[in-house]
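Taking it in order: structure first as structure tokens, then the write-up.
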Amino acid sequence: MQTNFSPAQLADPAMAASEKILRTCVHCGFCTATCPTYLLLGDELDSPRGRIYLIKDMLEGGKAASAEVVRHVDRCLTCLSCMTTCPSGVHYMHLVDHARTHIERTFRRSADDRLLRALLAFVLPYPNRFRLALFAAWLGSPFRGLVARLPRVGNRLAAMLDLAPARLPGRNPTDRPGTFPAPAAANAPHRRVALLRGCAQSVLRPDFNEAAIRLLNRHGVEVVQAAEGCCGALTHHMGKEHSAHAHAKQAIDAWTREIERGGLDAILVTASGCGTTIKDYGFMFRDDPAYAEKAARVSALAKDVTEYVAALGLMEPVVETDLVVAYHSACSMQHGQGIRTEPKALLKRAGFTVKDVPEGHICCGSAGTYNILQPEIAGRLRARKVANIERMRPDLIATGNIGCATQIGKGTEIPILHTVELLDWATGGPRPEALEHVARKPALQAAE
């Protein structure tokens, strides 16, 4: 794609990076075939290629964001399926991130939109605030019908109520900063990893990290949880650069202290949406003299928990099961990080029958805060995803991202678990609570 940025514009590192991305695009349109919003809406401007044209015109012209640009960029899920499909290697993620930051700086949203976005940024990255908000949602759930009829914001407030769990898990003893040592084993190499506690997941599903700690300890890995807080992903994808960078710097500093204290073999993440952002810290802080080196080091150490366990080698399972698992690969896992085979291979080694979900490359509609900010599109995508899953008649669903687990779980009665919960159970951990009502096969009952 030909560009006409001025030398003054290209003096800005962010603009120079976006100009390079724009020149990579060859207008081929392969991205339209896998874009969820184009699939649903059929509008060229709701495809990656269309958004690239809009972003190019905005940035190249030095214009403030228009209502049209905002509407179509807001509809982008950042699922990154287009990056998997693109034959030219267009780094759409960095381009749309820049566009969102530009929108946040130059476009004045309506008062209700500003208030909702500010509320999400104020609550979601902070576990204690989020816990209080979920309690308020539980109190407000009987009035969901009235809330939905409120002008302008009713549909989004109703979506928030719909996504709140019916029962909030209690505080988990492993959800704290600290060290969880592995049992000593003769001649075993000492392995030490940090595990992201995160924000929303630590409130909604603290059992995910609890299972990860057990699994890693069982494989001889010492686990450290630092006081890192939110990784910054939630506000980063809302274009709130200052907030996102502040959260990211706190995480980088916390992990750097652990690296200097005892060394780290890896920084592990059980929420793939967070993992995609943490692996991008090196790019985010490339021009920050105080953080460029530290951020690059953290990014280099960051791994999804299944990525790490696959390289480590999963031990032989001790629980026999022939449960059928529909594996939902989160967009941030398969497109954002390029992790496609490892989780499925681990589940098969653990004894599960694993099935791929039809249209597995299409987003479920979660996408961070997308299912709140764009509830109609998110709802259609969830219905499509659930229909594809239920057609397979699995016993359960496995995924590697809290957002997907919440989104899909609201549309089906099939239990949905984190991959690491199943690996933990198969290698000696407790049977996950979500499987309480999943019937054991007769042959296995007899064996027990």
Side-chain angles (χ1 to χ4, degrees), residues 1-3 17-61 65-100 102-103 237 239 272-273 276 328-340 356-371 373-389 403-404 407:
M1 180 180 287
Q2 183 178 354
T3 61
S18 289
E19 191 265 351
K20 184 178 180 180
I21 295 168
L22 289 167
R23 283 192 287 108
T24 309
C25 180
V26 297
H27 319 263
C28 68
F30 279 103
C31 57
T32 61
T34 58
C35 175
T37 49
Y38 183 73
L39 185 67
L40 292 184
L41 305 175
D43 187 336
E44 172 75 12
L45 295 181
D46 283 314
S47 74
R49 182 172 62 179
R51 293 184 180 106
I52 285 172
Y53 280 119
L54 291 174
I55 293 168
K56 176 182 181 294
D57 180 67
M58 175 179 68
L59 297 180
E60 193 176 63
S66 67
E68 180 185 41
V69 171
V70 172
R71 179 169 62 256
H72 295 293
V73 171
D74 279 357
R75 286 178 181 168
C76 176
L77 292 127
T78 324
C79 69
L80 309 181
S81 183
C82 55
M83 287 179 57
T84 297
T85 309
C86 180
S88 302
V90 176
H91 206 302
Y92 178 81
M93 181 177 81
H94 289 160
L95 182 65
V96 79
D97 285 346
H98 184 194
R100 287 189 169 127
H102 187 79
I103 287 170
H237 294 302
S272 61
T276 301
H328 166 74
S329 183
C331 295
S332 47
M333 185 83 83
Q334 60 173 311
H335 305 309
Q337 300 182 54
I339 300 171
R340 299 182 179 89
D356 289 318
V357 177
E359 293 188 330
H361 61 287
I362 299 297
C363 186
C364 69
S366 172
T369 58
Y370 191 92
N371 50 5
L373 296 173
Q374 301 285 337
E376 286 80 14
I377 297 175
R380 291 173 65 184
L381 287 171
R382 174 171 55 205
R384 189 180 185 119
K385 179 67 67 176
V386 167
N388 277 321
I389 291 172
C404 301
Q407 172 78 348

Problem - Short side-chain to backbone donor-acceptor contact, Q407 and A378, under 3.5 Å - result: yes
Practice task
Please identify each residue that fulfils side chain to side chain donor-acceptor pair (under 3.5 Å) with E376, with sequence neighbours left out.
Solution key: N155
Handout entry: C363 SG to L39 CG distance, which is reported to the nearest 0.5 Å
Key = 11.5 Å
Completion exercise
Across all chains, not counting sequence neighbours, the side chain to side chain contact (heavy atoms under 4.5 Å, CB included) partners of T3 are F5, E19, L22, R23, K56, E60
Problem - Set of side chain to side chain donor-acceptor pair (under 3.5 Å) partners for R380, sequence neighbours left out - result: none
Handout entry: Partners meeting side chain to side chain contact (heavy atoms under 4.5 Å, CB included) with T84 (sequence neighbours left out)
Key = H335, R340
Problem - Rounded distance (nearest 0.5 Å) linking atom CG of D356 with atom NE2 of H361 - result: 12.5 Å
Handout entry: Interatomic spacing from OG1 in T37 to CD1 in I377 - rounded to 0.5 Å
Key = 6.5 Å
Completion exercise
Sorted by chain and number, sequence neighbours left out, salt bridge (Lys or Arg N to Asp or Glu O under 4.0 Å) with E44 holds for R49
Problem - Qualifying residues under salt bridge (Lys or Arg N to Asp or Glu O under 4.0 Å), relative to R382, sequence neighbours excluded - result: none
Practice task
Identify, with sequence neighbours excluded, every residue that meets salt bridge (Lys or Arg N to Asp or Glu O under 4.0 Å) alongside D74.
Solution key: R109, R117
Exercise for the section: Mind checking the SG-CG spacing from C86 to L80? Nearest 0.5 Å is all I need. Expected result: 12.0 Å
Problem - Residue pairs fulfilling ring-ring contact (aromatic ring centres under 6.0 Å, His included) with at least one residue in residues 21-40, sequence neighbours excluded - result: H27-Y53
Exercise for the section: Enter the distance from D57:CG to I52:CD1 here, rounded to the nearest 0.5 Å. Expected result: 13.5 Å
Practice task
Indicate yes or no for a side-chain donor-acceptor contact from E359 to the backbone of R384 under 3.5 Å, with no hydrogens or angles considered.
Solution key: no
Problem - Any residue meeting ring pair (Phe, Tyr, Trp, His ring centres under 6.0 Å) with H91, in chain and number order, not counting sequence neighbours - result: H94
Handout entry: Residues which pass salt bridge (Lys or Arg N to Asp or Glu O under 4.0 Å) with R51, listed by chain and number, not counting sequence neighbours
Key = D46
Exercise for the section: Identify, with sequence neighbours excluded, every residue that meets side chain to side chain donor-acceptor pair (under 3.5 Å) alongside T85. Expected result: T34
Handout entry: For D43, all residues meeting side chain to side chain donor-acceptor pair (under 3.5 Å), sequence neighbours excluded
Key = none
Fill in the blank from the handout: Taken to the nearest 0.5 Å, the spacing of T78 OG1 from M93 CE works out to 9.5 Å
